[in-house]
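Below you'll find the structure, written out as structure tokens, and then a few comments.
What you see is a predicted model, and the numbers here were worked out from it, not measured in a lab.
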Amino acid sequence: QVQLVESGGGLVQAGGSLRLSCAASGRTFSNYAMGWFRQAPGKEREFVSAINWSGTSTYYSDSVKGRFTISRDNSKNTVYLQMNSLKPEDTAVYYCATKRSYGFGQISLPGEYNYWGQGTQVTVSS
């Protein structure tokens with residue numbers, strides 16, 4: 001059974017920073033790409049960022065590029081999302097997910113991921 005547990009969310013003022021963590025268990029973590037998604041109330045789940053199995057390739061949505069940084073530590077089975085210069089429109093529940101198959105293709109599509117965490121709330125006040 002694969003388990004993903006996010007942490008690090010909270011309430012922060014605009015311009016502030018948060019670091020999300022996602023701890024994985026139950027699978028060979030280092031074999032698969034990982035992604036972060038978010039979902040705001042009344043909106044569809046939105047791709048935020050992804051990282052390949054080794055951490056050498058990363059990808060970001062245009063809305064977070066230059067402000068967020070994804071990384072991973074395979075020795076700790078953990079992926080991180082450093083979020084800087086936060087804006088009120090970043091407010092959402094953030095989810096990490098593990099890619100369904102090997103490779104880095106179609107990484108922005110939720111359907112390419114088969115295991116999801118429970119989410120962590122990020123609220124950015126103006």
Worksheet item: So how far is it from Thr58 OG1 to Phe68 CZ, rounded to the nearest 0.5 Å?
Response: 14.0 Å

Worksheet entry | Heavy-atom neighbours of Tyr59 OH exceed 12 at 6.0 Å | no

Worksheet item: Which of these passes ring-ring contact (aromatic ring centres under 6.0 Å, His included) with Phe47: Trp36, Phe37, Tyr113?
Response: Phe37

Discussion item. Can a side-chain donor-acceptor contact be found between Ser17 and Asn84 if the only test is distance below 3.5 angstrom?
Written reply: yes

Worksheet item: Does the cation-pi check pass for Arg45 over Tyr95, that is, NZ or CZ under 6.0 Å from the six-membered ring centre and within 45° of its axis?
Response: yes

Worksheet item: According to a 4.5 Å side-chain heavy-atom criterion applied to Ile, Leu, Val, Met, Phe, Trp and Tyr, with indirect links allowed, do Val64 and Ile70 form part of one hydrophobic cluster?
Response: yes

Discussion item. How long is the straight-line distance from CG of Leu81 back to SG of Cys96, given to the nearest 0.5 Å?
Written reply: 10.0 Å

Worksheet item: Do Lys87 and Asp90 sit within salt-bridge range, that is, some charged N less than 4.0 Å from a carboxylate O?
Response: no

Discussion item. Assess, by modelled atom type and distance only, whether the side chains of Thr123 and Gln121 contain a donor and an acceptor separated by less than 3.5 Å.
Written reply: yes

Worksheet item: Where is the tightest heavy-atom contact between Tyr94 and Glu6, given as atom of each residue plus distance?
Response: O-OE2, 3.9 Å

Worksheet item: Under a single-linkage definition using a 4.5 Å side-chain heavy-atom cutoff for Ile, Leu, Val, Met, Phe, Trp and Tyr, are Phe104 and Tyr115 assigned to the same hydrophobic cluster?
Response: no

Worksheet item: Looking at Pro88 and Ser126, what are the two nearest heavy atoms and their distance?
Response: CG-CB, 3.8 Å

Worksheet item: Would you call Lys99-Glu112 a salt bridge at under 4.0 Å N-O?
Response: yes

Worksheet item: Is there a chain of hydrophobic side chains (I, L, V, M, F, W, Y, each step under 4.5 Å between heavy atoms) that links Val48 to Leu18?
Response: yes

Worksheet entry | ring pair (Phe, Tyr, Trp, His ring centres under 6.0 Å) evaluation trace for Tyr102 with Tyr32 | CA-CA 6 Å; Tyr102 297 139; Tyr32 297 90; 5.1 Å; yes

Worksheet item: Of Leu20, Ile51, Leu4, which is the lone residue that meets side-chain contact (heavy atoms from CB on, under 4.5 Å) with Val79?
Response: Ile51

Worksheet entry | Shortest non-hydrogen separation from Gly9 to Val122 and the atoms involved | CA-CG2, 4.1 Å

